[in-house]
J.: 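Got a structure here, written out as structure tokens. Questions coming.
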Number of protein chains: 4
Amino acid sequence: MSGTMDGTKRQRRGDTRQRIQDVALELFAEQGYEKTSLREIAECLDVTKAALYYHFKTKEEILVSIFDDLTQPILDLIEWGRRQPHTLETKQEIVRRYSETLAGAAPLFRFMQENQATVRELRVGETFKERMQGLREIIIDPHADLVDQVRCVSAIFTLHAGMFFLQELEADPEKKRAAILEVATDLVTQAHHNA
Amino acid sequence: MSGTMDGTKRQRRGDTRQRIQDVALELFAEQGYEKTSLREIAECLDVTKAALYYHFKTKEEILVSIFDDLTQPILDLIEWGRRQPHTLETKQEIVRRYSETLAGAAPLFRFMQENQATVRELRVGETFKERMQGLREIIIDPHADLVDQVRCVSAIFTLHAGMFFLQELEADPEKKRAAILEVATDLVTQAHHNA
Amino acid sequence: MSGTMDGTKRQRRGDTRQRIQDVALELFAEQGYEKTSLREIAECLDVTKAALYYHFKTKEEILVSIFDDLTQPILDLIEWGRRQPHTLETKQEIVRRYSETLAGAAPLFRFMQENQATVRELRVGETFKERMQGLREIIIDPHADLVDQVRCVSAIFTLHAGMFFLQELEADPEKKRAAILEVATDLVTQAHHNA
Amino acid sequence: MSGTMDGTKRQRRGDTRQRIQDVALELFAEQGYEKTSLREIAECLDVTKAALYYHFKTKEEILVSIFDDLTQPILDLIEWGRRQPHTLETKQEIVRRYSETLAGAAPLFRFMQENQATVRELRVGETFKERMQGLREIIIDPHADLVDQVRCVSAIFTLHAGMFFLQELEADPEKKRAAILEVATDLVTQAHHNA
DNA sequence: TATGAATGAGGGTTCATTCAT
DNA sequence: TATGAATGAACCCTCATTCAT
């Protein structure tokens, strides 16, 4: 994932590039993209700002690299989805897998969710939109009733929202994830049955 | 330097405060809070930055004033909801009214949605969270099954997301609004029936 | 909104000018000239900034007017001193009177002492310097030994500093004033006897 | 006016921090703290304002750093004084050494003297007050007569005032310094003998 | 006698970015 | 691989002052 040139010994003490990504994502998610300065990131890592520029061309590129690394699973999921028959089981599986992807990169998705205005003017914004469009295509039947199309989109956003908005609901996190997944699955199931 | 001599825009008299709010909301919604500078707002209004400070103490206060003005209906709705019996009809009516409120102040809610990271550190963030908590209280039955609680939150979030995220779905806006409302209503209805 | 309509507090009528001076001096002495804004003064008085400009042409003029009002006694003292014989008794009386003058306008002198850098570029700075020069002339014998000249200046400065710097010495204020006066008197006395 | 082409000032390499302090102190002393803007300091050095922020976190920190550097001798003097017996000779030596310290950092002390109102709200204000308190403790006998205590304080302030207030007295600077020192020494001597 | 509304200049501060070393 | 030093643009905000009403 990190050292792309030779796969042998590239992750010894001081894989700075990776550490930058980690800290940056943490801060981006916590405080937002704009409010997180390169100075802050550098200080967290105990390096100078200039060091960041050795590893990344711009602030935006740090974000892009994180995004690209962490959203690969979505790309895979979409590609997989496209090759499947449009059955109910497929859609349910997509929902399940997407739920897992979200859980696996929660900070990034939280970040994307909470910084939409910012991200919209960034390259990742456009890319993310495309990904979501791809997701919609494999889950929505374009000939279905409008209401059912909305159900599918709602399913996706329920998963999203579930990650962050539902933290106020106090309950066992695992049970919550299961409940969210159930509601989302329910929505695509209803949408499918009406067809 | 600007148009001080031509008498074309002479109906602005004492409405500057309102005009600041209007322009600010528009820009905040379009570009985000951080990316919108007071210089920009001032330029749009053809006044100086200092003029803004005659009407508002800080940049944040501009946002607060907009927020307070436009979210009053939510407060009213919550108060109304608290006094109603917890019937299905009540919940459906709440969803319907909330949908209307959202439509009536779409730019603000879009802004809140898209600038969560920023807004979280602002006073409006806290206030908004409280409002949402109030909404949840009148729509969620705390003794209900967890899945049904998630359904209700999903309903609210569907309304929110629907306002902005569904712009990709091409269809008549009115029909879309109706479809969204139907899905949200459906969700609270299912939640209620399981009880 | 501010309680201007109820006629209960009618003794402030036409005394606004005086009230501005009072508040201004208090704030100038407390926070310094630069740190005290006209906005602050206006707010303390519950009037608008523009009102200040009805009574005074500039911020500086507020200070000038205060200064002129309160330092008249020094002018009188100097004029009196010029007409007296240069005896020891005269000098001692000058010290005594000056001490009284200082006590009678303590906030202003504290202000002048603590804002020398600022005041130097203001009109009052020049005026004050002239006054001090006048004082020196009636208390210092230009033909005296340099050390004795220094003694006289030291006497004056002891009176000044005593007003404010000696607040750390804990003692009865009246006794402190008496002690300060005694030291100052002593200094001019020594200076005189050496002649 | 800016002289960027002539190669005269090519020895500045890594000494920027020091140069900032030098110029800042000069301007602070000349015009006062508030009236001296960072823009002005930067222009004098032919760098940008932002460059100042590379070396110092805030405007106040520039002052603090200057203060800390230049008042170290006072700290040393106090420490020395504490370890000496409270004899007349010690006190006289303290006065002598303090006089030297003042002469060695005249611009700073002039600044402190003339910007008391400003400095009072700054960190250096508090620190300076503590230093002066320390000085008082080693020169004043707390059981002495109040008048004699005042004499000692007066001695200190005579030294201070001498640096700046006595510039009007026209005489050879060296002689003036000697005269001032004599008056101050005299004061502590008198105070001591009365005990 | 005041006020409401506005201005122009300037304040300190922060930022992403650059580049020689 | 990094750092030290610096920049230019922009930021939010405050100020004394003005003037029509």
J.: Not counting sequence neighbours, list each pair that qualifies as a ring pair (Phe, Tyr, Trp, His ring centres under 6.0 Å) and has a residue in residues 20-45 of chain A.
T.: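 Residue pairs with at least one partner in residues 20-45 of chain A: A/F28-A/Y33, A/F28-A/F111.
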
J.: Under the salt bridge (charged side-chain N to carboxylate O under 4.0 Å, His left out) test, which residues partner C/E126, sequence neighbours left out?
T.: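 By the salt bridge (charged side-chain N to carboxylate O under 4.0 Å, His left out) rule, C/E126 matches no residue at all.
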
J.: Is there a side-chain contact between D/H55 and the phosphate of F/dG4, meaning an N or O under 4.0 Å from OP1 or OP2?
T.: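 Negative; the distance criterion is not met.
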
J.: Could you name each residue pair satisfying ring pair (Phe, Tyr, Trp, His ring centres under 6.0 Å) that touches residues 45-65 of chain A, not counting sequence neighbours?
T.: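 Those involving residues 45-65 of chain A do not exist here.
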
J.: Going by the rule side-chain hydrogen bond (donor to acceptor under 3.5 Å, both in side chains), which residues pair with B/E61 if we only count those two or more places apart in sequence or in a different chain?
T.: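 B/E61 satisfies side-chain hydrogen bond (donor to acceptor under 3.5 Å, both in side chains) with no other residue.
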
J.: Taking atom C1' of E/dT14 as reference, at what distance in whole Å does atom CG of D/L52 sit?
T.: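 Taking atom C1' of E/dT14 as the reference, CG of D/L52 is at 14 Å.
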
J.: Could you walk me through whether C/I41 and C/L38 satisfy the side-chain contact (heavy atoms from CB on, under 4.5 Å) test, starting with their C-alpha distance in whole Å, then the side-chain angles of each, then the deciding distance to 0.1 Å, before giving a yes or no?
T.: CA-CA 5 Å; C/I41 296 175; C/L38 295 188; 4.1 Å; yes

J.: Check DNA chain E for consecutive Watson-Crick or G-U pairs with both distances under 3.5 Å and list the runs of at least three as stems.
T.: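 When the pairs of DNA chain E are grouped into runs of at least three, the stems are E:2-21 with F:2-21.
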
J.: For A/D68, what residues pass the side-chain contact (heavy atoms from CB on, under 4.5 Å) criterion, not counting sequence neighbours?
T.: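 Checked A/D68 against side-chain contact (heavy atoms from CB on, under 4.5 Å); matches are A/V64, A/R131.
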
J.: Roughly how many Å is it from CG in A/D15 to C1' in F/dA2, rounded to a whole number?
T.: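 Going from CG in A/D15 over to C1' in F/dA2 covers 15 Å.
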
J.: Between C/Y54 and E/dT1, does any side-chain N or O lie under 4.0 Å from OP1 or OP2?
T.: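 The answer is no; no side-chain N or O of C/Y54 sits under 4.0 Å from OP1 or OP2.
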
J.: Rounding to an integer number of Å, can you tell me how far A/R19 CZ sits from F/dT1 C1'?
T.: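 Rounded to the whole Å, the gap is 13 Å.
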
J.: To the nearest Å, give me how far apart NZ (C/K35) and P (E/dG12) are.
T.: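 Between P of E/dG12 and NZ of C/K35: 12 Å.
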
J.: Between B/L63 (CG) and F/dC12 (C1'), how many Å, whole number?
T.: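 Checked: the CG to C1' distance equals 15 Å.
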
J.: Are D/Q116 and C/Q116 linked by a side-chain donor-acceptor pair shorter than 3.5 Å?
T.: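 Per modelled atom types, D/Q116 and C/Q116 side chains form no pair under 3.5 Å.
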
J.: Considering residues at least two apart in sequence or located in another chain, which fulfil the salt bridge (charged side-chain N to carboxylate O under 4.0 Å, His left out) criterion with C/R39?
T.: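 With sequence neighbours excluded, C/R39 shows a salt bridge (charged side-chain N to carboxylate O under 4.0 Å, His left out) to C/E43, given in chain and number order.
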
J.: Output the rounded distance in Å from CD (B/E40) to P (F/dC13).
T.: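 Nearest whole value for this atom pair: 16 Å.
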
J.: Return a single string for nucleotides 16-21 of chain E, one symbol per nucleotide in 5' to 3' order, where B is base contact, S is sugar-phosphate-only contact and - is none, cutoff 4.0 angstrom on heavy atoms.
T.: BBBB--

J.: At under 4.0 Å, does any side-chain N or O of D/T16 touch on OP1 or OP2 of F/dA6?
T.: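 Checking D/T16 against F/dA6: at least one side-chain N or O falls below 4.0 Å of OP1 or OP2.
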
J.: In whole Å, what is the span from the CD1 atom of A/I41 to the P atom of E/dT14?
T.: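 Atom CD1 in A/I41 sits about 17 Å away from atom P in E/dT14.
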
J.: Which pairs pass salt bridge (charged side-chain N to carboxylate O under 4.0 Å, His left out) with one or both residues in residues 26-38 of chain B, sequence neighbours excluded?
T.: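 Passing the test, one end in residues 26-38 of chain B: A/E121-B/K35.
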
